Protein chains: 2
Amino acid sequence: MGGRRGDQGDQAAPGGGRAAATRARLLAAATRAFAARGFARASVREVCGAAGCNVAAVSYHFGDKAGLYRAVLLAGFERDAALPPPDDPSRPAGERLHDLVAAFLGRLLAPERHLHARVMTRELVEPTPALREVVEVAFRPLHGRIRALVRELRPDLRPADADLHTLGVIGQCVFYRHARPALDLLHGPDALGAADVPRLARHVAAQVLGGLGRHDLLPLPPPQGHSDDHPRPRRAAARRR
Amino acid sequence: MGGRRGDQGDQAAPGGGRAAATRARLLAAATRAFAARGFARASVREVCGAAGCNVAAVSYHFGDKAGLYRAVLLAGFERDAALPPPDDPSRPAGERLHDLVAAFLGRLLAPERHLHARVMTRELVEPTPALREVVEVAFRPLHGRIRALVRELRPDLRPADADLHTLGVIGQCVFYRHARPALDLLHGPDALGAADVPRLARHVAAQVLGGLGRHDLLPLPPPQGHSDDHPRPRRAAARRR
DNA sequence: GGCCGTTTCAAACGGCCGTTTGACACGACG
DNA sequence: CGTCGTGTCAAACGGCCGTTTGAAACGGCC
């Protein structure tokens, strides 16, 4: 029997990258499967079928199914590490909050990025032993950034209330990912999807700023007039900045 | 072999309610199991073990596992039908919104009621063929009630924006149920649970009212003051900037 | 060529799953 | 008492699961 590796971090495959290619196909297929059906319900036969390799490849390259799952999560962490826009303290806090929400929502919904986000947010609902790492690496840092902006916008807030505002933002965003099957039934299959990320981000940001009593900092003119008289055309110009 | 019933709606058990008792135990154990682990991962052996009966009882009383699941959902619908407070149009819309949010959050988190809510909200994330019914019977009516209050509070809102405000409320509430495992890790196992329902409801209601630009309608005095004139004796004196 | 470590494969293993089977216990009723 | 319908049971069935096995294929190297 060949030497098992069972872990990542190796290189110099004498076989000319053939093994690395199998590994990559397996990782991609597993990402799709875990995103679509979760850890428990995605089967290694299904993953290997999609990757075009034998079931034994999972134990050979990743040790076992849980190792494959961990590798999928790790790849998601690495891919997302550079994603969120670096915070620029010189800009207005309201705009920075909006941009952070937009980046988070994009990660949750945009077609090229949503797979890893699905795997990670599924952990929140259906935890595996990897939940702790997801919380520490992905959830808590995001929570911290939003919370810092909330406190910057309203320094007088009690910590516990800043937490509630923060979780409100995260909860609204995650809902558009988690509840997708139900939203498809409620609003039609294409409503409130990736194409609506700018609109959703604008709304969530305006919502939390309003809840903080900082209507003055709406990063964008609200799409609806509140006390004015002229009805807005549907595609009003007023792009941001 | 005995005549299968496989459906509910029967009565007149000659065996003196013994069958009905088994049915009830099965239903209770299945509710716990489906709430805790979902349809796919809860096994009929586990359910029947907890109910103290044989595995064949599932197929005898409910046809199959999916029938048992449908019966659990149905019982939840019936139990919750009388739960939400009837809307009283003579009261201020802000208070009615707060009460509705409080009732919804209570259903999601309160110990005696959360099991059915878990089964139903899990459908949003991990749909089974019963999702359609959950959406039509539970999700859409709640959405309609919140949306009507939102439009009453801000009649000038475009319908699409009223939807976003509505989903923001639901998303925040559902998050406290869905993300519980992650919240346990983030804030400690007892934070933001059933005991905090009044505080959470107050926050969510104040948040959406603020987002609607109706700070004037906060249903309860907010735990922190932001632009007011009288300091609040609440807990610690509210720190002012 | 012969060799060897690496990688892939078909096949099988044990285990849990949902479901079915056929027998048995029990109260009702003629 | 004998029969019947009802409800429960232990046991088994076929199927999918994750994992392992042992051999075959591959590719660089002498």
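If you're wondering where the values come from, they're calculated on a predicted model, not measured in any experiment. Below, chains carry the letters A, B, ... as their sequence lines are ordered, and counting in each starts from 1.
Taking atom NE2 on A:H61 and atom C1' on C:dT7, their separation rounds to 7 Å, with Å as the unit. Rounded to a whole Å, the CZ atom of A:F62 is 16 Å from the C1' atom of D:dT19. The distance from atom OH of A:Y60 to atom C1' of D:dT19 is 16 Å, rounded to the nearest whole Å.
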Nucleotide by nucleotide, nucleotides 11-18 of chain D touches protein heavy atoms under 4.0 Å in the pattern (B base, S sugar-phosphate only, - none) BB----BB
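The salt bridge (charged side-chain N to carboxylate O under 4.0 Å, His left out) contacts involving residues 142-151 of chain A comprise A:R147-A:D163, where partners must be two or more places apart or lie in separate chains. For residues 107-139 of chain A, no pair satisfies ring-ring contact (aromatic ring centres under 6.0 Å, His included), with sequence neighbours left out.
Under a 3.5 Å cut-off, the side chain of A:E123 and the backbone N or O of A:M120 do not form any donor-acceptor pair.
A salt bridge does not link A:R96 to A:D99: none of the charged nitrogens lies less than 4.0 Å from a carboxylate oxygen. By the 4.0 Å N-to-carboxylate-O rule, A:R70 lies too far from A:E133 to be salt-bridged with it. Between B:D161 and B:R158 a salt bridge is recorded (basic side-chain N to carboxylate O distance below 4.0 Å). A salt bridge links B:R41 to A:E126: one of the charged nitrogens lies within less than 4.0 Å of a carboxylate oxygen.
Among residues two or more places apart in sequence or in another chain, the side-chain hydrogen bond (donor to acceptor under 3.5 Å, both in side chains) test is passed with A:T22 by A:R25.
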Which dot-bracket string describes DNA chain D (Watson-Crick N1-N3 plus N6-O4 or O6-N4, or G-U N1-O2 and O6-N3, all under 3.5 Å; [ ] crossing; | other strand)? ||||||||||||||||||||||||||||||
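Against DNA chain C, the stretch residues 26-35 of chain A makes no heavy-atom approach under 4.0 Å.
Aromatic rings of A:H98 and A:H203 (six-membered ring for Trp) have centroids beyond the 6.0 Å cut-off, not under it. Aromatic ring centres of A:F175 and B:F175: separated by at least 6.0 Å.
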